[in-house]
Amino acid sequence: MNILESIASNVEAYPERTAYVLNAPDRTESITWSELGAHSDRMGSYIVQNIPGKKPVVIYGHKDPLMIASFVACSKSGRAYCPVDVSVPEGRLQDIVGEVEPDLVIAFEELPHIDCGDALVLTADDVARIAAGGDTIDLRPHWIGADDVYYIIFTSGSTGKPKGVQITRDCLDNFIAWGKTMCTNADEGYVFVNQAPYSFDLSVMDLYLSLSLGGTEYALSKSLLESMSTLFERLRTSEATVWVSTPSFVEMCLADPSFNEALLPRMRTFLFCGETLTNRTAERLIEAFPKAEVYNTYGPTESTVAVTGILVTPDVSATHSPLPVGRPKPGTIIRIVDEQGNDVPQGNKGEIVIVGDSVSVGYFHDEERTRKAFSTYDVDGTIMRAYRTGDEGYLDDDLLFYSGRIDLQIKMHGYRIELEDIEANIAKLPGVVRVAVLPVRKPDGTVRSLSAYLVMDAPAVVMDAPSETFTSKDAKELRKQLASSLPTYMIPKRIRIVDDLPVTNNGKIDRKKLATL
Ligand code: AMP
């Protein structure tokens, strides 16, 4: 069954079951499976009848139930959708809309002042009206096909412009088929905890496993996540069975001793992806939730959420430190290659290349960046797509271990960030001559914050002050200017003005030396 067939069958099987709940501090909003079916049919019919082309639809908002119905409506009407969370600043949103050139933008929150070209813009009220009473037509002939792009998720790009990863329905179906095998059976129905906004591919794990298993997607709004006491109150009544988050987020929860089986008695599965899961975190979870299974999974947005996974038992944790990221899912081959692209022997480190049936078809409208990262690989006569991850790792008895990045991409609090993306945006500010951004790491190697080192024109135009008198007020002004082009989590906490950036013998910025300044 493909994902749209699964959704249709769940609408039939569980009409009264809650399909989706948004939990905000002041309210909860939910829709049942039958409402999800009806709303998406009406929205899908509206799209087919009113939007002639098949361009991707940009969907802007934050976890509104009708946002999910709109995702499904796009798929039923044969369009890809591109989810953009409200936390994405105006400049980035403009870049995305400029790149996608959509015929339709659906905005669940007020759109910043951006140029949407000729696109029709539907507001939350418009969608509510269409979903409640619009006509319906038979959408089956319009459903998205196996090789069509199902969604486009934009991630940080080293040039300063985000890149749109295109995931086909087949990629998604192949991921789901494997992902479901990790979800321990929940007799009374699955309830998936959603932490990540829908513009991050980690959310695909909870949303689509829930949609395919006829579960309830229990979404936590950004503001709810800011208050641990309100968050825990909601978790207590969630009846959650599957937890999907970054390790960073569960570590925050584990800081409170009441995060245990008594709070979430139905919890059976923890799925982690996106950053290192430490032995300590896994062990604390196993202890706090003795009936639950903890999985470490690995993969980039470019290969549909995750392609390797491992059940972390006390034995696995006792015998492996760091923890492995797992074995490949069916349909995936992991290669470890040297700089020339040749396979290295087992046990040797190299770049992780993902080959298989969930690898993206490339970046939207970006042949150059697609060519650099994607290729094909012959597997016993079948040509498969391949993606060079930029991750370093090694295989031990076919078990994959992740050992860091070979470029300037980092993960901070679960967010994927290209340091060059931040640098490119800082370099655009007036008065900035050169810039380097460095991660500040905790003793365990995880990134705590970011520091930017700037060489400025004197006097520094951007801050009305020469570099010697750069103050915290100037840094604040600079951060304010950056906020229009970068999400808050990408804005460096510490900004230092330096006379020059040290360089290595081959003329590159000497990042090691810079860190010691
Ligand atoms: P994203 O595209 O946001 O999912 O980020 C993908 C990147 O996150 C990968 O290329 C890795 O660098 C990192 N990553 C993903 N899963 C893991 C994991 N289990 N352990 C360590 N790093 C991971």
Pair Ser6-Ser9, side-chain donor/acceptor within less than 3.5 Å: no
Spacing of Glu302 atom CD and Thr370 atom OG1 [to the nearest 0.5 Å]: 9.5 Å
CG-CD1 distance between Leu211 and Ile68, expressed to the nearest 0.5 angstrom: 7.5 Å
Distance, nearest 0.5 Å, that separates CD of Gln195 from CG of Leu225: 6.5 Å
Heavy-atom donor-acceptor pair, Glu5 side chain to Asn2 backbone, under 3.5 Å: yes
Summary of salt bridge (charged side-chain N to carboxylate O under 4.0 Å, His left out) pairs that have at least one residue in residues 167-178, sequence neighbours excluded: Arg169-Asp173
Interatomic spacing from CD1 in Ile96 to NZ in Lys163 - rounded to 0.5 Å: 13.5 Å
Side-chain donor/acceptor of Thr376 to backbone N/O of Ile383, under 3.5 Å: no
Salt bridge flag under 4.0 Å for residues Asp398 and Arg327: no
Stepwise ring-ring contact (aromatic ring centres under 6.0 Å, His included) test for Phe270 and Phe289: CA-CA 10 Å; Phe270 284 89; Phe289 295 89; 4.9 Å; yes
Ring geometry between Tyr81 and Tyr150 (parallel below 30°, tilted from 30 to 60°, perpendicular above 60°): perpendicular
Salt-bridge present (Arg416, Asp421; N to O < 4.0 Å): no
Parallel, tilted or perpendicular, as decided by the 30° and 60° cut-offs, for the rings of Phe71 and Tyr198: perpendicular
Hey, can you pull the donor-acceptor pairs under 3.5 Å for the side chains in residues 241-249, sequence neighbours left out?
residue: Thr241; atom: OG1; partner: Val191; partner atom: N; Å: 2.9
residue: Thr241; atom: OG1; partner: Val191; partner atom: O; Å: 3.3
residue: Trp243; atom: NE1; partner: Ser245; partner atom: OG; Å: 2.9
residue: Thr246; atom: OG1; partner: Phe249; partner atom: N; Å: 3.3
residue: Ser248; atom: OG; partner: Glu275; partner atom: OE1; Å: 3.1
residue: Ser248; atom: OG; partner: Glu275; partner atom: OE2; Å: 2.5

Rounded distance [0.5 Å steps], CG in Leu285 versus CG in Leu254: 4.5 Å
Could you list the donor-acceptor pairs under 3.5 angstrom formed by side chains in residues 308-316, with sequence neighbours left out?
residue: Thr308; atom: OG1; partner: Val325; partner atom: O; Å: 2.8
residue: Thr313; atom: OG1; partner: Asp315; partner atom: N; Å: 3.4
residue: Thr313; atom: OG1; partner: Val316; partner atom: N; Å: 3.0

Side-chain donor-acceptor contact under 3.5 Å, Lys513 with Thr516: no
Side chains of Arg17 and Ser34, donor plus acceptor under 3.5 Å: no
Any donor-acceptor pair under 3.5 Å from Ser203 side chain to Phe200 backbone: yes
Expected output: side-chain Glu423 to main-chain Val437 donor-acceptor under 3.5 Å: yes
Qualifying residue for side chain to side chain contact (heavy atoms under 4.5 Å, CB included) with Val57, from Pro83, Ser70, Cys82, Cys74: Cys74
Intermediate values then yes/no, side chain to side chain donor-acceptor pair (under 3.5 Å), Ser358 and Ser303: CA-CA 5 Å; Ser358 58; Ser303 64; 5.3 Å; no
